[in-house]
**Student:** 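The structure's right below; bear with me while I get my questions together.
Sequence lines set the chain letters: A, B, ... in the order given, protein chains first and strands last, and positions in each chain run from 1.
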Protein chains: 2
Amino acid sequence: MLNEKSLSVSQDCNECPIRHRAVCARCESDELERLEEIKYYRKFEAGQTVIWSGDRMEFVGSVVSGIATLTQTMEDGRTQMVGLLLPSDFVGRPGRPSAAYDVVATTDLVMCCFRKTPFEEMMVRTPHIAQRLLEMTLDELDAAREWMLVLGRKTAREKIASLLSIIARRDASINMRDVGDRLTFDLPLTREAMADYLGLTLETVSRQVSALRKEGVIELEGKRHVTIPDMGRLLEEAGDDADGGVFA
Amino acid sequence: MLNEKSLSVSQDCNECPIRHRAVCARCESDELERLEEIKYYRKFEAGQTVIWSGDRMEFVGSVVSGIATLTQTMEDGRTQMVGLLLPSDFVGRPGRPSAAYDVVATTDLVMCCFRKTPFEEMMVRTPHIAQRLLEMTLDELDAAREWMLVLGRKTAREKIASLLSIIARRDASINMRDVGDRLTFDLPLTREAMADYLGLTLETVSRQVSALRKEGVIELEGKRHVTIPDMGRLLEEAGDDADGGVFA
DNA sequence: ACAAGACTTTGACGCAGATCAAGATTTGGA
DNA sequence: TCCAAATCTTGATCTGCGTCAAAGTCTTGT
């Protein structure tokens, strides 16, 4: 999920991240062939639901391009985003029959999928895949717990600054720029999606973004294109210490 | 963490849960012997810090008896609990050098520990341990994401009801009682610890507990002994549907 | 190029929960 | 057993964020 480790996809193999990250470097060629056999691609349009919570899952896979969100919804309609899926992030719960959250494409999305049962069978035979998945799941757990601190204890302003700094770092990492630089990126989320992630309303998000802009912490061109003139300042606003805190 | 699966320790092997849950059922006897070699017990007193965030971890292990919390703290002192460790819960991050959170004993605590490096080496050789740990980590991730919904979108009253219902279910599960019954248990947390878990202040926790008592949703003897006369009612108050929602 | 819909901003106002404060109850150590 | 410290309750007041409302600005299809 939202941390740098999960974003470092090497350039020569980003067509199918799972293959590269979980398997390529260490496995035997016949395992690679088996993976090829059960691999297929799926495309989704922006707004389309990839998986409904509770549905039987017939695949696991990873994001090739585009962005998706994991959300939970209460009966009365209140929703909370519990994860953001970026290229190279893994989707699926090996060993579990059904999905626990809705997965929704927020942009056009390409997924690299593997049929679930054969994938699980291969996992049993190739221990380093299970180990790689354990590492990735521990990363996600850390990110989820980081986010619990944001949701439970930060103010609206700090929440916005936290989200912006995470997206900025991710973006810098993908484009191999230095975090010390003046960073520029396009927000991949609507104000409403930001609100769902942060446990706020979209009005509060809009107000706090405007406030940060007026005070020069961020610069905006249009509604989505953001520039961070001083990352240290943004991290201060987020309540993290300036050297990057836990996300460093 | 907080879900029923992680609590079902069979009676004949709860002295050292990791041995039972990760290994016993499936592994070879020489692996069991190796586990014995690197196993040791540690006791902590109530209030003692088991691990400091950022410290080098020299062991992994699991809780034998007592209760511990995982917490994160900001520089200005705001703290958020990110996990509750109950008997049989696993502690540690195989493959990671250092701890990501403070672990604090809230009652007297006994841990069953394994030296980290040999444990990791054994994990490489015995795939079903890695798979079992993956399952446990996925459980924790689900619980963490459940809690994100609680923190981000529930009211104070719903938060209290959610916490009480989770503790009640856990307790019923350990003592093998039916959740349909009239449930009774001792709160293992102070009002302040509950507040840190729920992203509230201790005053708000106290007020909401009093309100639930006055309205008959819960009964109290003293400050800590709780009776739930009607679990369905409590779950309604928590905003879950009465059949148990996602924790079922 | 324009209209319609989606997304965003801003303002006014209210309320849930935080903060500040005072006491009550429980716990534990001498 | 009794005192001190820890824990909990309750009240009064304040405030950050939610709610409701209206208007502004992008996007998309025809």
**Student:** Is the backbone of A:Ala193 close enough, under 3.5 Å, to the side chain of A:Thr190 for a donor and an acceptor to pair up by distance?
**Tutor:** yes
**Student:** Kindly give the atom pairs (protein nitrogen or oxygen, nucleotide nitrogen or oxygen) under 3.5 Å for nucleotides 24-29 of chain D.
**Tutor:**
none

**Student:** Starting from P on D:dG16, measure out to NZ on A:Lys159 and report it in whole angstrom.
**Tutor:** 14 Å
**Student:** Distance check needed: C:dT27 C1' versus B:Arg191 CZ, whole Å only.
**Tutor:** 15 Å
**Student:** Are any of A:Thr155's side-chain N or O atoms less than 4.0 Å away from OP1 or OP2 of D:dG16?
**Tutor:** no
**Student:** Using whole Å, report how far CG of A:Leu212 lies from P of C:dT10.
**Tutor:** 13 Å
**Student:** Check each residue of residues 202-209 of chain A for a non-hydrogen atom within less than 4.0 Å of any atom in DNA chain C, then write out the ones that pass by number, or none.
**Tutor:** A:Leu202, A:Glu203, A:Ser206, A:Arg207
**Student:** Mind calculating the distance between CG (A:Asp76) and P (D:dG18) to the nearest angstrom?
**Tutor:** 15 Å
**Student:** At 4.0 Å (heavy atoms only), tell me whether A:Arg224 reaches a base, stays on the sugar-phosphate, or touches nothing.
**Tutor:** sugar-phosphate
**Student:** Which nucleotide in the list C:dT8, D:dG18, D:dT9 gets nearest to the side chain of A:Thr201?
**Tutor:** D:dG18
**Student:** What I want to find out is whether B:Arg78 reaches A:Glu158 closely enough, with some N-O distance under 4.0 Å, to be called a salt bridge.
**Tutor:** yes
**Student:** Report the distance from atom CD of B:Glu221 to atom P of D:dC8, rounded to the nearest whole Å.
**Tutor:** 17 Å
**Student:** With B:Ser162 as reference, evaluate B:Glu146, B:Arg157, B:Lys154 under the side-chain hydrogen bond (donor to acceptor under 3.5 Å, both in side chains) test and give the passing residue.
**Tutor:** B:Lys154
**Student:** Please give, in whole Å, the distance from D:dT9 P to B:Leu220 CG?
**Tutor:** 8 Å
**Student:** Between C1' on C:dT27 and CD on B:Glu192, what's the gap in Å once rounded to a whole number?
**Tutor:** 17 Å
**Student:** Are the side chains of A:Phe90 and A:Val60 in contact, using a 4.5 Å heavy-atom criterion?
**Tutor:** yes
**Student:** Are side-chain N/O atoms of A:Thr227 and A:Thr184 paired as donor and acceptor at under 3.5 Å?
**Tutor:** yes
**Student:** Quick check against the 3.5 Å criterion: does B:Ser53 have a side-chain atom that pairs as donor or acceptor with the backbone of B:Ala100?
**Tutor:** yes
**Student:** I'd like to know if A:Arg207 pairs up with A:Glu203 as an ion pair, taking the criterion as any Lys NZ or Arg NE/NH1/NH2 lying under 4.0 Å from an Asp or Glu carboxylate oxygen.
**Tutor:** no
**Student:** For A:Arg157 and B:Arg213, take the nucleotide of DNA chain D holding the closest heavy atom to each; which residue's nucleotide lies nearer the 5' end?
**Tutor:** B:Arg213
**Student:** Starting at CZ of B:Arg153 and ending at P of D:dC17, how long is that distance when rounded to a whole Å?
**Tutor:** 13 Å
**Student:** If you measure from the Lys or Arg side-chain nitrogens to the Asp or Glu carboxylate oxygens, is any gap between B:Arg145 and A:Glu140 under 4.0 Å?
**Tutor:** yes
**Student:** Answer yes or no: is there a side-chain heavy-atom contact under 4.5 Å between B:Asp196 and B:Gln80?
**Tutor:** no
**Student:** Looking across every strand, which nucleic acid part, if any, lies under 4.0 Å from A:Gly199 by heavy atom: base, sugar-phosphate, or nothing?
**Tutor:** sugar-phosphate
**Student:** Look at the side-chain N and O atoms of B:Ser210 and state whether any lies under 4.0 Å from the OP1 or OP2 oxygen of D:dT10.
**Tutor:** yes
